[in-house]
Amino acid sequence: MPGDVISRFASVRLGTRGNQRKEHGFGQVNGHHGEILQGIFPDDAGHLHRGLVTLPCNIVSSTAVFRPAPGNLVTVPDDKLKAAEAARLTLDSLGLHDQGGHLTVESTIPVGLGMGSSTADVVAAIRAVADAHGAALGADEVARLAVRAETASDSIMHGDLTVLFAQREGIVLEHLGPALPPLEVLSVNTAPGALVDTVKQPPAEYDEWEIQAFRPLRGMLRRAIRTGDAALLGRVATASARISQRHLPKPAFEEINAIAASTGALGIQVAHSGTVVGLLFDPRNPATVRRVAEAAARLEAFGLPPAFHFRTDAVEVRHVA
């Protein structure tokens, strides 16, 4: 959708809310833990798009506060320049070209690991600016603005809804379901100290075999979500992680995968443009507590101590002792 169309549509929505500017606006969004599936997928017309399915992580988040001010300047801390660009684009999309303000962003999302820190800052900023001016932007509008602000974006603006998302276009290729089956995720940073810049990371150049492989994986994931089959979801995530290994290799990938298999995990998933790997377990299985502890101990013995584990359907974080 061209920017001027977004502007007209958003301005109409703004007008219906009375155009009442607040003293400050608030925006918040959760991060993620990489992807369940990422690759190249056809749309309904058969055109190919880069796309991904995000693994939500609701124990980390970004929060933004926007305080409108005279003039068209948006001020931010030096490390939040993408969020500032998102704020400016949001004001313009609302027809507020002569408006500015001050943006602050606080985040608990680790930077450079592939957990959505940049996108979360951007989405929180967009929501804060809209809120400050009495506008409610839908997820599709937020996604388009986010992509314009940072070139590529995750799908976290869609919340817990599971979507196949074209990350460089800001569009949903398919609504896969309301939420993933519940998962217990044991998080491992495979390269402590290393940071990956998602925008500077070149897009993966998938070969023909990989492109063809994404088609059945998409169908399997659709079935796993609709039937609540966590085991099938784990197989999809592992296959996608293995394809990703050719494009952004994770240290000790095979060893982590072997530990996951030997401790009863459903599989593994990775941040396709980051350094984290998640071992996936079924929280509905009574043996999961023991299996997670065993996997954590074996990873630590190998030299990769996991930092935390979390459930996708819960809000508490559990640090590994």
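Here the structure is a predicted model, which is why all the values come from computation and not from measurement. Worth knowing before you read on, the calculation uses all heavy atoms, side chains too, and leaves out hydrogens, waters and symmetry mates.
No side-chain heavy atom of E35 sits less than 4.5 Å from a side-chain heavy atom of F165. Using a 4.5 Å heavy-atom cutoff, the side chains of L266 and L233 are not in contact. Considering only heavy atoms from C-beta on, L37 comes within 4.5 Å of F214 through its side chain. In this structure, the side chains of V122 and I126 come closer than 4.5 Å at one or more pairs of heavy atoms. L91 has its side chain within reach of F66: a pair of non-hydrogen atoms, C-beta onward, lies under 4.5 Å apart. Contact of the R246 side chain with the D207 side chain is registered, since non-hydrogen atoms from C-beta on lie closer than 4.5 Å. For the pair H33/F310, a side-chain contact is recorded, criterion being any heavy-atom separation below 4.5 Å from C-beta on. A 4.5 Å side-chain heavy-atom check between H49 and Q167 finds every atom pair outside the cut-off.
Of all heavy-atom pairs spanning T190 and T275, the tightest one is OG1-O, 2.6 Å. Listed here is the closest heavy atom pair of A241 and V270: CB-CG1, 3.6 Å. Shown here for T54 and L180, the closest heavy-atom pair between the two residues is O-CD1, 4.1 Å. Across all their heavy atoms, P203 and R50 have their closest contact at CB-CZ, 3.4 Å. In terms of heavy atoms, A252 sits closest to F302 at CB-CE2, 3.5 Å. Nearest heavy-atom pair across G228 and R284 is O-NH2, 3.4 Å.
Between atom CG of residue L176 and atom CZ of residue R222 there is a gap of 6.5 Å, rounded to the nearest 0.5 Å. For the atom pair E205 CD and E210 CD, the distance stands at 10.5 Å (nearest 0.5 Å). Note that CG of L299 and CG of L304 are 6.5 Å apart. Values are rounded to the nearest 0.5 Å. Taking CG of L173 as the reference point, atom CZ of R218 lies at 6.5 Å (rounded to 0.5 Å). For the atom pair CD1 (I59) and OG1 (T312), the distance works out to 11.0 Å, reported to the nearest 0.5 Å. A distance of 6.0 Å separates CD1 in I36 from CG in L183, rounded to the nearest 0.5 Å.
Residues L232 and L164 share a hydrophobic cluster, clusters being chains of Ile/Leu/Val/Met/Phe/Trp/Tyr side chains in contact below 4.5 Å. Hydrophobic clustering keeps F26 apart from L103 (ILVMFWY residues linked when any side-chain heavy atoms are closer than 4.5 Å, directly or through intermediates). Placement of V65 and V123 in two distinct hydrophobic clusters is found when ILVMFWY residues are connected by side-chain heavy-atom separations under 4.5 Å, directly or transitively. The hydrophobic cluster containing V289 does not contain V185, counting ILVMFWY residues as joined when their side-chain heavy atoms lie under 4.5 angstrom apart, directly or transitively. V147 and V53 sit in two unconnected hydrophobic clusters of ILVMFWY residues. Membership requires side-chain heavy atoms under 4.5 Å apart, directly or through other members.
Ring orientation note: the planes of H175 and H158 are nearly perpendicular, at an angle over 60° on the 30°/60° scale.
A side-chain donor-acceptor contact under 3.5 Å links T119 and E150. Under the 3.5 Å distance criterion, with hydrogens and angles disregarded, no donor-acceptor pair is assigned to the side chains of S93 and R144. A donor atom on one side chain and an acceptor atom on the other are not found under 3.5 Å apart for T288 and E184.
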Full working for side-chain contact (heavy atoms from CB on, under 4.5 Å) between Q38 and S273: CA-CA 10 Å; Q38 183 165 329; S273 57; 5.7 Å; no
side-chain contact (heavy atoms from CB on, under 4.5 Å) assessment of D92 paired with H97: CA-CA 5 Å; D92 291 343; H97 307 288; 3.3 Å; yes
Criterion salt bridge (charged side-chain N to carboxylate O under 4.0 Å, His left out) on D121 and K82, from CA distance to verdict: CA-CA 8 Å; D121 287 352; K82 289 181 182 178; over 6 Å; no
side-chain contact (heavy atoms from CB on, under 4.5 Å) between N257 and R242, worked out: CA-CA 10 Å; N257 193 35; R242 189 166 290 283; 3.0 Å; yes
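Applying the side-chain hydrogen bond (donor to acceptor under 3.5 Å, both in side chains) test to every pair with at least one member in residues 100-114, sequence neighbours left out, gives these pairs: S62-S107, T75-H102. For the ring pair (Phe, Tyr, Trp, His ring centres under 6.0 Å) condition, the pairs that include at least one residue of residues 238-257, sequence neighbours left out, are Y206-H247.
Few gaps surround CG on D79; more than 12 heavy atoms of other groups in view lie less than 6.0 Å from it. At most 12 heavy atoms of other shown residues, nucleotides or ligands fall within 6.0 angstrom of atom CZ in R223.
The aromatic ring centroids of H309 and F281 lie 6.0 Å or more from each other.
Checking side-chain atoms of K250 against main-chain N and O of L248 turns up a donor-acceptor pair under 3.5 Å. A donor-acceptor pair under 3.5 Å is absent between the side-chain atoms of D154 and the main chain of I156, judged by distance alone. R127 places a side-chain N or O within donor-acceptor distance of the main-chain N or O of M157, the cut-off being under 3.5 Å.
A side chain to side chain donor-acceptor pair (under 3.5 Å) with S240 holds for exactly one of Q269, R235, H272; it is H272.
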